[in-house]
Novice: 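Can you keep this structure in mind? I'll have questions shortly.
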Amino acid sequence: MLAVAGMLALGACSSSGGKKGEEKATGGNGPRLKIAMVTHSAPGDTFWDIVQKGAKAAAAKDNVQFLYSADPDGGKQAQLVQTAIDQKVDGIIVTLAKPDAMKDVLARATAAKIPVVSINSGAEDSAKLGALAHFGQDESIAGEAAGTELAKIGVKKALCVVHEQGNVGLESRCAGAKKTFSGQLQNLYVQGSDMPQVKSSITAKLQSDKGIDGILTLGAPFAATAVDSVKETSSKAKVATFDLNKDLIASIKSGDIQFAVDQQPYLQGYEAVDELWLYKTNGNVLGGGRPVLTGPAIVTKDNAASLEGFAVRGTR
Amino acid sequence: MTQAVAGPPAAVPDERLARESPLRRLLRRPEFGALLGAVAVFVFFSLVADAFLQADSFSTVLYASSTFGIMAVGVSLLMIGGEFDLSAGVMVTTAALVATLVSYQLTLNLWVGVAISLVVTLAIGALNGLLYIRTGLPSFIVTLATFFMLAGANLGVTKAVTGNVASDSVRDMDGFESARKVFASDVDVGGVNVKITVFWWLLFVGIATWILLRTRAGNWIFAVGGAAGSARAVGVPVARTKIGLFMGVAFCGWFSGMHLVFAFATVQSGEGVGNEFNYIICAVIGGCLLTGGYGSAIGAAIGAFIFGMVNKGIVYAEWNPDWFRFFLGAMLLIATVVNLIVRRRVERSA
């Protein structure tokens, strides 16, 4: 039944095409839904652009009006959720990077009978805060995968570059990596919104500690910066990272970056919108009260080529 | 004193004795330009955003305005006094961290943490003032230094004490509920939940306006901001006034910090950076001059209201949030230009 509805939607889109199709798509047999996504992203972040692309793809298919807003400051993110409640949206998608800040406002969403789905970070808090489902990567599991992989490529002393201070998810990635990594791993805090500052911090660290032979960054753009720092200081550090983008795939192919732990952001945006649509139109809930994992998927030199096309399109 | 410094330089002394029409008096107010701006922004978003005029939405706008506005009260007084405080943003986080860390680590009633935080925050404000007075460096430089030091200390201390980058949750500790009532509760106004910070904001604006316009301290503030040298020459305690102004900012920072603690229970050590400029923006939109000696607390409040309306109005209007800061910048430009034009008009016709 749903498959049929989905195919109808796709059919409508392709026959009329592009923007027009999006406007009058009839994916859901009912009124057009309005779904708001509120994240903790800083403006202009590649990762969140991919999440939005996934969400917009699902929104176009499901006849959903998709609204996006973001603020890295916990209190301001909560205010943005409040504005979504004020707008009487049909569903809210949130990230729970700072769960305590979101507690009260999500209770108000529940009181207003607006279904909430959480994505990305905050799997452990999702159900507690009243979210229907969570789509993300378990950051500890992903961190453990990265730690194992780092040890496998022969790194002994590594940096874990945290680009968003106070983000619980990033902290657990480093903690997870520390758990399975056989060598020594230390955290380096940098200000992710200011790339020159990120670069100089990593460079300074590499200059002051020649023993570092591995760098684990927690976001794709920072990996490229780390590679620059490594080249500049002629350090022998191997760079690995969380998340993916098209430049990164090229770097993995060329060997500048060893591997990437992909949490498939496209899936997080797509599934979250789709889940809210399913819930509103058919009462479905995915995951059975447990987080639905969208990663980790490890990308290395071996499988980089097959993903390149998707990454160039900006969806992987 | 107030008139001579705050108003345009009078060419003929007798002019000050002449009676002004009420309209002229209104035009002369520093907040007049901002008021025009606020009305324009309000009408604009009422037309383009369906959700904007709902009572719930308006309450959200007021809440956002109050979180900027409370700080803008202290910051505007300081700017009228001719100084900046770049540490204002992170000081809020510092105040919140002190209260949570002290209470949690020593298992004290949260009110004790609140009190200790007040003392610490006021001390930081006094330090800012003392450093400024003693070194004679521009306040821009002095508070830039304290800004970095506080930002570093926020992270360093939090990490050292808790092992994490955020303070532990104090939600279940003694005093949380009672302090929450004071700093972060909802007040039911005719069926609409309004955050208590809105009322505190209005109260602080009222107090600041009273100080500025009705007390000797208020005259001193205008005097030290307009011409510190002449003020000292006629016996205004310049050092004391300026230190007091820095402590005023610190007090507002403490209050905002307490709101963070009791609204969210945990405090992220890295937050607050960049907010100092938002406060200055509110004061400037509201008619405070960057050079000091001119401005009003009510103007800063209107500035914060404009800031809050733009901030949330863009969301209610369902525009692309990527353009938010562009719009904000444009607002700032328009508001200051309007202020300038209004002031020139008044000066010329005076």
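As the structure is a prediction and not an experimental result, all values here were calculated from the model. Proteins get letters first, then strands, A, B, ... in listed order; numbering begins at 1 in each.
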Novice: When heavy-atom pairs shorter than 4.5 Å are enumerated against chain B, which of A:M102, A:Q191, A:Q82, A:K103 gives the highest number?
Specialist: A:K103
Novice: Please classify the contact between B:S169 and chain A as side chain, backbone, both or neither, with a heavy-atom cut-off of under 4.5 Å.
Specialist: side chain
Novice: Contact part of A:P99 toward chain B, heavy-atom cut-off under 4.5 Å: side chain, backbone, both or neither?
Specialist: neither
Novice: Going from NZ on A:K76 to NZ on B:K312, what distance comes out if it is rounded to the nearest 0.5 angstrom?
Specialist: 8.0 Å
Novice: Count the heavy atoms belonging to other residues, nucleotides or ligands that lie under 6.0 Å from CZ of B:F147, then report whether that count exceeds 12.
Specialist: yes
Novice: In terms of heavy-atom pairs under 4.5 Å, which option from B:A51, B:S57, B:A64 contacts chain A the most?
Specialist: B:S57
Novice: Examine whether an atom of B:T67 lies under 4.5 Å from a heavy atom of chain A, and if so say whether it belongs to the side chain, the backbone or both; otherwise answer neither.
Specialist: side chain
Novice: Would you please test B:D50 and A:K88 for salt bridge (Lys or Arg N to Asp or Glu O under 4.0 Å) and show each step?
Specialist: CA-CA 11 Å; B:D50 295 338; A:K88 304 195 169 53; over 6 Å; no
Novice: Going from NZ on A:K98 to OG1 on B:T266, what distance comes out if it is rounded to the nearest 0.5 angstrom?
Specialist: 10.0 Å
Novice: Does atom CE (B:M149) have a neighbourhood of more than 12 heavy atoms from anything else shown, all under 6.0 Å?
Specialist: no
Novice: Indicate whether the side chain of B:Q54 and that of A:Q87 have a donor and an acceptor atom separated by less than 3.5 Å.
Specialist: no
Novice: Given a strict heavy-atom distance threshold of 4.5 Å, which part of A:D104 is in contact with chain B: side chain, backbone, both, or neither?
Specialist: side chain
Novice: What's the shortest heavy-atom distance between A:D100 and B:R171, and which atoms?
Specialist: O-NH2, 3.6 Å
Novice: Are A:R108 and B:D186 packed together at the side-chain level, in the sense that at least one heavy-atom pair is separated by less than 4.5 angstrom?
Specialist: yes
Novice: What is the distance from atom CG of B:N275 to atom CG of A:D73, rounded to the nearest 0.5 Å?
Specialist: 6.0 Å
Novice: Do you know which of A:L67, A:D86, A:T83 has the most heavy-atom pairs under 4.5 Å to chain B?
Specialist: A:D86
Novice: Assess whether atom CZ of B:F140 is packed by more than 12 heavy atoms of other residues, nucleotides or ligands within 6.0 Å.
Specialist: no
Novice: Using non-hydrogen atoms and a 4.5 Å limit, figure out which bit of B:N154 sits close to chain A: side chain, backbone, both or neither.
Specialist: neither
Novice: Kindly give the heavy-atom pair with the smallest separation between A:A78 and B:F264, and that separation in Å.
Specialist: CB-CE2, 4.3 Å
